[in-house]
Number of protein chains: 2
Amino acid sequence: MELYLERGFGQTTVAQIAERAGVTERTFFRYFTDKREMLFDGSERLQQLMVDAVAGSPADATPLDSIGTALDAVGSVFVDLTRSRTRQVIIDSDESLQERELIKRDRLATAITGALRDRGVEEPVASLAAQTGIGVFHVAFASWIAPGNTLGYAEIARNLLAELRIVTNGS
Amino acid sequence: MELYLERGFGQTTVAQIAERAGVTERTFFRYFTDKREMLFDGSERLQQLMVDAVAGSPADATPLDSIGTALDAVGSVFVDLTRSRTRQVIIDSDESLQERELIKRDRLATAITGALRDRGVEEPVASLAAQTGIGVFHVAFASWIAPGNTLGYAEIARNLLAELRIVTNGS
DNA sequence: GTCTATAGTACGATAGAC
DNA sequence: GTCTATCGTACTATAGAC
């Protein structure tokens, strides 16, 4: 991340990263499938937290309630605001990094769809709820790291989920 | 697309594509920024249709109503079911193509957010509605090309939007 | 650890259309 | 004469094969 900030992602070569880390290029590619992947280390953990939350939500919870527990469950991940902001600056600077971020988000949605289905939620409701939930998650994260924001992630996510219910309750 | 089906996307070189098209590699890269982009030709048109629909929706329409008009507006694009299915088989076979598809979808969401904001919809409602709308769009498209489906895209999209209102109207 | 294919870039030349 | 389209070549870095 130091190098990506210094020279830009596209201008940073794997050779430079490997050198600063004191390893060879080959070793770099042993740890990360490609240059982008290193910025998305925590994604499996995030996914696991959300899936577990859905699986563990009350039996009488609606699909959207389950989504709510998933949004709550990842609060512990989003604490270091400065680091999240820095990381996002890098991602926003490069289109291929945005692509990678989006596929992570999509895998998340797919995993949540599966967790809902495991609870007996039928299609297309499972997909619909998961997609919507990830949408809320994304907006919540973006709001959290937005300049000037003082609220915590968890609070924002809860507010947005409530807002969603209002928005979709229109005439 | 012929070559991508014959040999697989990853196994197809730009040289082969250029040869079959009767041009040089250099010319290929004049038309497409990269190997993936050629599969996403219609995306600007799709985006324009949706943005125009939102902009042209009735003044008293709720954000979600505007989304509804956008979902309707693209019905004319999704007619050739066989071609859409073939294209999706290719995309689903390669992760980098899925990434590209997702960034197109994300740009769509961003554009719709802007169109809603232009109508006076404030944040975070604009983002929330746009994200949700794109989620519905995606599920609708997937349902449309799913094996065995006999419904048209427009009908599916309408049903799903109605379904969404129910899902988010929970206890 | 070594080797290599290929995507993608940079810069430049040429030539036809109107 | 200007604009636009194709082609030529050399090069780098990624990423995969072995």
Side-chain angles (χ1 to χ4, degrees), chain A residues 1-44 47 86-108 110, chain B residues 1-45 47-48 86-108 110:
Chain A
M1 279 180 57
E2 285 170 17
L3 281 165
Y4 289 166
L5 283 171
E6 284 173 26
R7 334 172 48 107
F9 175 79
Q11 281 49 263
T12 305
T13 69
V14 174
Q16 291 164 347
I17 300 170
E19 187 190 358
R20 184 163 303 190
V23 298
T24 67
E25 284 187 49
R26 184 66 180 79
T27 300
F28 175 90
F29 281 114
R30 253 182 57 83
Y31 282 88
F32 306 104
T33 58
D34 60 51
K35 219 174 119 183
R36 286 169 271 168
E37 195 64 18
M38 57 190 316
L39 285 167
F40 301 91
D41 244 352
S43 64
E44 311 82 15
Q47 181 168 315
T86 303
R87 178 176 166 281
Q88 201 62 37
V89 166
I90 296 171
I91 292 173
D92 290 345
S93 75
D94 185 276
E95 197 161 303
S96 73
L97 288 174
Q98 293 164 42
E99 289 184 329
R100 182 58 51 87
E101 182 182 43
L102 287 165
I103 207 169
K104 296 297 182 189
R105 207 187 296 164
D106 193 63
R107 302 296 190 229
L108 205 53
T110 303
Chain B
M1 280 181 56
E2 285 170 17
L3 280 164
Y4 289 165
L5 284 172
E6 284 172 26
R7 330 171 54 104
F9 175 79
Q11 281 50 262
T12 304
T13 70
V14 174
Q16 291 165 347
I17 300 169
E19 188 190 358
R20 182 162 306 190
V23 297
T24 65
E25 282 189 51
R26 185 70 181 76
T27 300
F28 174 89
F29 282 114
R30 249 182 62 81
Y31 281 88
F32 306 105
T33 59
D34 60 51
K35 225 175 114 182
R36 286 167 272 167
E37 195 64 17
M38 56 191 316
L39 285 166
F40 301 91
D41 243 352
S43 64
E44 311 82 15
R45 185 171 129 72
Q47 182 168 315
Q48 199 57 53
T86 303
R87 178 176 167 280
Q88 200 63 38
V89 165
I90 296 171
I91 292 173
D92 290 345
S93 74
D94 184 276
E95 197 160 305
S96 72
L97 287 175
Q98 293 164 43
E99 290 183 329
R100 182 57 54 87
E101 182 182 43
L102 286 165
I103 207 169
K104 295 297 182 188
R105 209 187 294 163
D106 193 63
R107 302 295 190 229
L108 206 52
T110 302

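The analysis underlying the following values was restricted to heavy atoms, covering all of them including side chains, and did not include hydrogens, waters or symmetry mates. In what follows, chains are A, B, ... by sequence order, proteins preceding strands, each numbered from 1.
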Could you identify which residues of [range] place a heavy atom less than 4.0 Å from some atom of DNA chain D, listed by residue number, or say none?
range: residues 27-35 of chain B; result: Thr27(B), Arg30(B), Tyr31(B)
range: residues 95-105 of chain B; result: none
range: residues 10-23 of chain B; result: Val23(B)

Heavy atoms from other residues, nucleotides or ligands near [atom1] of [X] exceed 12 (cutoff 6.0 Å):
X: Arg45(B); atom1: CZ; result: no
X: Glu44(A); atom1: CD; result: yes
X: Glu2(A); atom1: CD; result: no

Side chains of [X] and [Y]: closer than 4.5 Å at any heavy-atom pair?
X: Asp94(A); Y: Ile90(A); answer: no
X: Ile103(B); Y: Glu95(A); answer: yes
X: Leu102(A); Y: Arg105(B); answer: no

Please report the interatomic distance [atom1]([X]) to [atom2]([Y]), rounded to the nearest 0.5 Å.
X: Thr86(B); Y: Leu5(B); atom1: OG1; atom2: CG; answer: 6.5 Å
X: Thr12(B); Y: Met1(B); atom1: OG1; atom2: CE; answer: 12.0 Å
X: Gln47(A); Y: Ser43(A); atom1: CD; atom2: OG; answer: 7.0 Å
X: Glu101(A); Y: Ile91(A); atom1: CD; atom2: CD1; answer: 4.5 Å
X: Arg20(A); Y: Glu6(A); atom1: CZ; atom2: CD; answer: 4.5 Å

Under 3.5 Å, side-chain donor or acceptor atoms of residues 22-32 of chain A against the rest of the protein: list the pairs with distances, not counting sequence neighbours.
| from | atom 1 | to | atom 2 | distance (Å) |
| --- | --- | --- | --- | --- |
| Thr24(A) | OG1 | Thr27(A) | N | 3.3 |
| Thr24(A) | OG1 | Thr27(A) | OG1 | 3.1 |

Show the nearest heavy-atom pair for residues Phe40(B) and Leu97(B), with the distance to one decimal.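 That would be CZ-O, 3.6 Å.
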
Cationic tip of Arg87(B) within the cone over Tyr4(B)'s six-membered ring, i.e. under 6.0 Å and within 45° of the normal?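 So Arg87(B) doesn't make the cation-pi contact.
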
Would you grab the first and last nucleotide of DNA chain D (5' to 3') that comes under 4.0 Å of any non-hydrogen atom in chain A?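 In short, chain A contacts DNA chain D from dA13(D) to dC18(D).
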
Atom pair distance, as rounded to whole Å: CZ in Arg26(B) and C1' in dT9(C): 9 Å

Close residues, residues 2-9 of chain A, relative to DNA chain C [heavy-atom separation under 4.0 Å]: none

Can you tell me which residue among Lys104(B), Gln98(B), Arg36(B) is in a side-chain contact (heavy atoms from CB on, under 4.5 Å) with Glu99(A)?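 Passing option: Arg36(B).
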
